[in-house]
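One-based numbering, in listed order, for ligands and for the atoms of each.
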Amino acid sequence: MAANVSTERRVSLHGEWSSRFAFILAVTGSAVGLGNVWKFPYIAGENGGGAFVLFYLFCVFLIGLPIMVAEISIGRRGRRNPVATMALLGSEEGGSEQWRYIGLLGVLAGVLILSFYSVVAGWAAAYIFKAGSNVFAGADAAAVDAQFDALTGSPLVNAMWHTLFMGMTVIVVANGVERGLEKAVRILMPALLALLLVLLGYSMVAGNFAAALEFMFAPRLGELTADAALIALGHACFTLSVGMGAVMAYGAYLPDEHSIGKTSCAIVFADTIIALLAGLVIFPIVFANGLDPAIGPGLIFQTLPLAFGQLPGGAVVGTAFFVLLTFAAWTSAISLMEPGVAWLIESFQLSRRVAAWSLGLAIWLLGFLSAFSTNVLSNLKFWRGTFFDNLDHLTTNIMLPLGGMAIVFFAGWIMSRNSTSDEIDPDAGPSYRAWRFLARYVAPIAVLLVFLDVIGLLDAWGLA
Ligand code: PHE
């Protein structure tokens with residue numbers, strides 16, 4: 001089979017999206033999630049804003065976007081789960097079947113990420129009820145902190161919300177991702193955007209908007225440390241859901257006639273707008289209340305309730321906000337499981353139901369390590385901190401960029417020009433050529449440089 005490049009189109013083993021729009025919604029649902037609203041503001045805060053934000057934008061458009069195009073193209077060409085697709089295209093394109101390990105690394109990354117993602121999504125779900133019961137009305141920063149500590153400090157409560165969220169995720173994945181997901185994303189994503197705009201209005205009026213703009217966008221390029229650059233790169237992959245096969249799995253269900261390039265650009269653009277908006281909502285509140293932008297993972301839970309406590313109708317706005325955030329996390333969680341579930345179904349001839357519940361069980365159990373990281377295990381620190389911190393760092397900042405680099409390298413160097421242009425643009429026009437340049441040179445080299453920088457080699461060679 002080696003070097004026998006197929007011209008015959010394959011069909012997906014798990015059904016197809018009903019339209020291009022359905023695919024856009026599913027990938028947007030995957031991309032927009034806790035990464036945008038919870039993670040981006042807190043890591044931007046921890047890493048000093050400015051240079052970090054600009055480098056993040058660089059990574060999103062020049063590294064993340066070409067990886068996304070590569071990943072969806074590979075997925076649609078292989079039309080299997082990411083492990084089988086990498087093995088199949090690997091041998092077909094004259095490389096090797098061993099490319100399957102990139103797929104497996106992705107499946108593993110998805111499992112590890114979901115284990116802590118679900119815990120944070122559980123916080124968002126818990127806050128629906130906190131906001132709804134009006135506990136934040138007139139609350140000051142200390143009262144808001146106490147609410148967050150009561151939730152994350154209790155192993156039982158934390159684990160319960162994690163359990164609930166994992167249950168919700170498995171139910172959808174067990175039923176097949178096409179069903180239901182589509183309709184829900186279509187309504188709830190625009191609603192999330194609208195609500196962020198309302199909150200932006202509040203932050204512009206009641207917050208310190210000028211300080212927030214300064215913090216987020218003043219270049220201060222000299223301040224970008226190697227560690228911050230790695231975190232920005234990792235987050236670019238995380239927020240776009242690339243580097244672990246999620247969009248590859250979704251690409252496998254994309255009908256042949258749709259444009260991958262345009263779709264990816266639209267999704268990357270939307271994802272970036274939502275993240276920047278979240279930052280522009282949160283930092284004015286941080287600076288107006290004299291809070292520390294670097295307080296870490298609790299940032300949105302310790303700032304937004306201050307706004308909900310002051311806004312007229314804040315209980316309603318707050319409840320709606322956390323409903324939409326939980327929903328956004330849910331559609332991302334589904335995509336984190338899909339590569340693993342598709343792989344289990346195809347490799348072990350399991351039913352979708354059995355595959356989803358078994359994988360879900362494993363992720364749920366693993367999630368306890370993260371659910372307990374803010375309470376009973378909070379003193380158990382090694383390497384980057386708690387279990388939660390380590391899982392996050394290992395997956396987001398190491399596995400995703402390396403997985404993404406391998407995928408974009410595969411598309412740029414191993415796959416033939418004919419195969420990729422066949423998926424992306426049969427006429428091989430300027431945007432195809434731009435993609436190929438980014439995929440072959442810019443993205444892999446940029447990822448490599450960031451890693452060399454982290455291990456100190458750029459310094460040693462006098463380059464940084
Ligand atoms: N992109 C999602 C978010 O921003 C997280 C995610 C990462 C989903 C990797 C799938 C794959 O919340």
Side-chain angles (χ1 to χ4, degrees), residues 25-44 56 59-60 63-65 67-68 71-72 75 82 103 105-125 165 169 172-173 177 181 185 188-189 192-193 196 231-251 264 267-279 297 300 324-343 359 363 391-404 407:
L25 289 172
V27 180
T28 310
S30 167
V32 175
L34 295 171
N36 308 61
V37 178
W38 161 71
K39 202 169 194 193
F40 171 72
Y42 103 71
I43 58 177
Y56 154 77
C59 292
V60 161
I63 304 174
L65 176 58
I67 298 179
M68 181 181 280
E71 224 181 294
I72 298 175
L105 191 77
V107 166
L108 181 66
V111 167
L112 297 177
I113 293 176
L114 187 51
S115 78
F116 68 84
Y117 199 87
S118 166
V119 173
V120 181
W123 299 347
F165 184 81
T169 303
V172 177
V173 179
V177 289
L181 191 67
V185 182
L188 293 163
M189 275 304 150
L192 178 64
L193 183 67
L196 279 171
I231 294 171
L233 168 67
H235 186 65
C237 296
F238 184 90
T239 191
L240 299 180
S241 306
V242 299
M244 49 73 63
V247 298
M248 194 184 289
Y250 280 7
S264 302
I267 293 164
V268 168
F269 193 72
D271 187 83
T272 308
I273 297 281
I274 303 246
L276 294 178
L277 260 178
I300 66 160
L324 295 174
L325 182 60
T326 306
F327 181 79
W330 193 20
T331 54
S332 301
I334 290 164
S335 74
L336 281 161
M337 270 191 88
E338 183 59 20
V341 168
W343 173 65
L359 193 65
I363 298 172
L391 276 171
D392 180 17
H393 186 71
L394 173 72
T395 53
T396 308
N397 302 332
I398 298 175
M399 293 173 84
L400 294 185
L402 290 181
I407 288 166

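Polar contact check, A246 against ligand 1: no nitrogen or oxygen pair lies under 3.5 Å apart.
In this structure, Y56 has its ring center under 6.0 Å from that of F40.
Protein heavy atom closest to atom 4 (O) of ligand 1, with residue, atom name and distance, is A31 O, 2.9 Å. With hydrogens left out, the protein atom closest to atom 8 (C) of ligand 1 is S241 OG, 3.2 Å, a heavy atom. Of all protein heavy atoms, the one closest to atom 2 (C) of ligand 1 is S30 O, 3.2 Å. The shortest contact between atom 7 (C) of ligand 1 and any protein heavy atom is with F238 O, 3.2 Å.
Taking the six-membered ring for Trp and thresholds of 30 and 60 degrees, H235 and F238 have nearly parallel ring planes, at less than 30 degrees apart.
Heavy-atom separations between Y117 and ligand 1 include at least one value shorter than 4.0 Å.
In S335, the part holding a heavy atom less than 4.0 Å from any atom of ligand 1 is the side chain. Contacts with ligand 1 closer than 4.0 Å are made by side-chain heavy atoms of M244 only, the backbone lying farther away.
Interface atoms of ligand 1 facing G33, defined by a heavy-atom separation under 4.0 Å, are 3 (C), 4 (O), 12 (O).
I72 has its side chain within reach of S264: a pair of non-hydrogen atoms, C-beta onward, lies under 4.5 Å apart.
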